[in-house]
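Okay, structure first, notes after.
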There are 2 protein chains.
Amino acid sequence: MDKPKPEHLKNAGLKSTVPRLNILSLFESRQECHMSAEDVYKQLLANGDDVGLATVYRVLTQFEQAGLLVRHNFEGGKSVFELNQGKHHDHIVCLQCGHVEEFYDAAIESRQKKVAAERGFAVHDHSLYIYADCLKKNCPHKR
Amino acid sequence: MDKPKPEHLKNAGLKSTVPRLNILSLFESRQECHMSAEDVYKQLLANGDDVGLATVYRVLTQFEQAGLLVRHNFEGGKSVFELNQGKHHDHIVCLQCGHVEEFYDAAIESRQKKVAAERGFAVHDHSLYIYADCLKKNCPHKR
DNA sequence: TTGCAAATGAGAAACATTATCATTTGTATG
DNA sequence: CATACAAATGATAATGTTTCTCATTTGCAA
């Protein structure tokens, strides 16, 4: 498990506190993991960290605003978070096996900006999910 | 205002009831309107239809499963629905006023297919939401 | 008409999330 | 290294959305 890095919090303008370091550490130890607030809360308790659920929600929102985490609004009504790896990406989700693959396409990105600008919008953010069938024989995950 | 068409419900395997006809009629009378369950409920009451909120939620979910409506999970935590017009489009959502605008961009569509094909996926479906600030002065809604 | 399964509506319950506020903690300062 | 003070925390209440329960009503087929 990686050590938490207080500088990351400082750089984001956030005080380096125990709950924040624990939460950041959790995400850094599971780089590709998508976790809900509830997931994070339970995992911290399992790790022996005594944290409040309200704090988890607060910190996740702060981390999102600071750019440390990315929030996704999947179906199911709850937000999930993943570590912000620095570069924006979209997702392809395999409908057969549930596997999620990340991608980035500059043409799509620029067309989006153009479309929005033409309609009088200033793009703040976007989410693109492609739902597809993975054509590979060896689907690595089960649904 | 269009008359509701009981055959649509029959074809979907749903009994033709008063609340269902009223809800379908409401969506058909506002083709491009994105409405939450709360929106639908309030509108029906305003129209003088005495309906229960639980029924609205039930019927919206049934209509979605029957393919009459499309559900969207925008940021903000609540589902919104629109009439299934048959033809695909994406959405720009104004973060200031909640206004939703539809668009279709052939370049984005084809790039998506290309990206997926390159990675060994057969596209089944996708959802693209652009979250932006509406630059217009007269935002018609409040958050 | 009549019977009965299906649908409805009112309210309770289940969730996820946010707000409140007394207590604790991190950190800058002396 | 002690201290003060703003910021952060955690327990709990509150909010908002959606689902569940169940007694009553309704659509439809015989």
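- Annotation: salt bridge (charged side-chain N to carboxylate O under 4.0 Å, His left out) contacts of A:Arg58 (sequence neighbours excluded): none.
- Qualifying salt bridge (charged side-chain N to carboxylate O under 4.0 Å, His left out) partners for B:Arg71, counting only residues two or more places apart in sequence or in other chains: B:Glu64.
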B:His91 vs B:Phe74, side chain to side chain contact (heavy atoms under 4.5 Å, CB included): CA-CA, chis, key distance, verdict: CA-CA 10 Å; B:His91 296 85; B:Phe74 295 144; 4.3 Å; yes
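- The side-chain contact (heavy atoms from CB on, under 4.5 Å) check on A:Gln85 picks up A:Gln31, A:Leu83, with sequence neighbours excluded.
- For the pair A:Tyr41 and B:Val18, both in contact range of DNA chain D, the more 5′-proximal nearest nucleotide belongs to A:Tyr41.
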Test side chain to side chain contact (heavy atoms under 4.5 Å, CB included) applied to B:Phe27 and B:Met35, step by step: CA-CA 9 Å; B:Phe27 276 98; B:Met35 286 182 280; 3.7 Å; yes
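- Partners of A:Lys113 under the salt bridge (charged side-chain N to carboxylate O under 4.0 Å, His left out) rule, at least two apart in sequence or in another chain, do not exist in this structure.
- Residue-level contact check: B:Thr55 touches the bases, meaning some heavy atom is under 4.0 Å from a base atom.
- For the pair B:Lys42 NZ and D:dG16 P, the computed distance is 10 Å after rounding to whole Å.
- Under the side-chain contact (heavy atoms from CB on, under 4.5 Å) criterion, B:Leu44 pairs with B:Asn22, B:Ile23, B:Leu26, B:Val40, B:Asp49, B:Val51, B:Val56, sequence neighbours left out.
- Taking a heavy-atom distance under 4.0 Å as the criterion, the stretch of DNA chain C touched by chain A extends 5' to 3' from C:dA16 to C:dT27.
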Extract all donor-acceptor atom pairs below 3.5 Å that involve side chains of residues 120-129 of chain B and protein atoms in other chains or at least two apart in sequence.
residue, atom, partner, partner atom, Å
B:His126, ND1, B:Gln112, OE1, 3.0
B:His126, NE2, B:His88, NE2, 3.0
B:His126, NE2, B:Asp90, OD1, 3.4
B:His126, NE2, B:Gln112, OE1, 3.4
B:Tyr129, OH, B:His72, ND1, 2.9

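- Qualifying salt bridge (charged side-chain N to carboxylate O under 4.0 Å, His left out) partners for A:Glu102, counting only residues two or more places apart in sequence or in other chains: none.
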Worked verdict on A:Val70 versus A:Phe81 for side chain to side chain contact (heavy atoms under 4.5 Å, CB included): CA-CA 5 Å; A:Val70 179; A:Phe81 299 81; over 6 Å; no
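- Legend: residues meeting side-chain contact (heavy atoms from CB on, under 4.5 Å) with B:Thr17, ordered by chain and number and at least two apart, are B:Lys15, B:Pro19, B:Arg20.
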Between protein and nucleic acid, restricted to nucleotides 1-3 of chain D and to nitrogen or oxygen atoms under 3.5 Å apart, what atom pairs and distances do you find?
none

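- An angle of 30°, rounded to 10°, separates the two end axes of the helix from C:dT1-D:dA30 to C:dG30-D:dC1, each defined over five pairs.
- B:Tyr104 has its side chain out of reach of B:Lys87: every pair of non-hydrogen atoms, C-beta onward, lies at least 4.5 Å apart.
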Steps toward side chain to side chain contact (heavy atoms under 4.5 Å, CB included) verdict (A:Leu24, A:Phe63): CA-CA 9 Å; A:Leu24 184 55; A:Phe63 281 7; 4.0 Å; yes
Every protein N/O within reach of nucleotides 17-20 of chain D N/O, cut-off under 3.5 Å:
residue, atom, partner, partner atom, Å
D:dT17, OP1, B:Lys78, NZ, 3.0
D:dT18, OP1, B:Ser79, N, 2.8
D:dT18, OP2, B:Tyr57, OH, 2.7

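- Rounding to whole angstrom units, CG of residue A:Asp49 and P of D:dG10 are separated by 10 Å.
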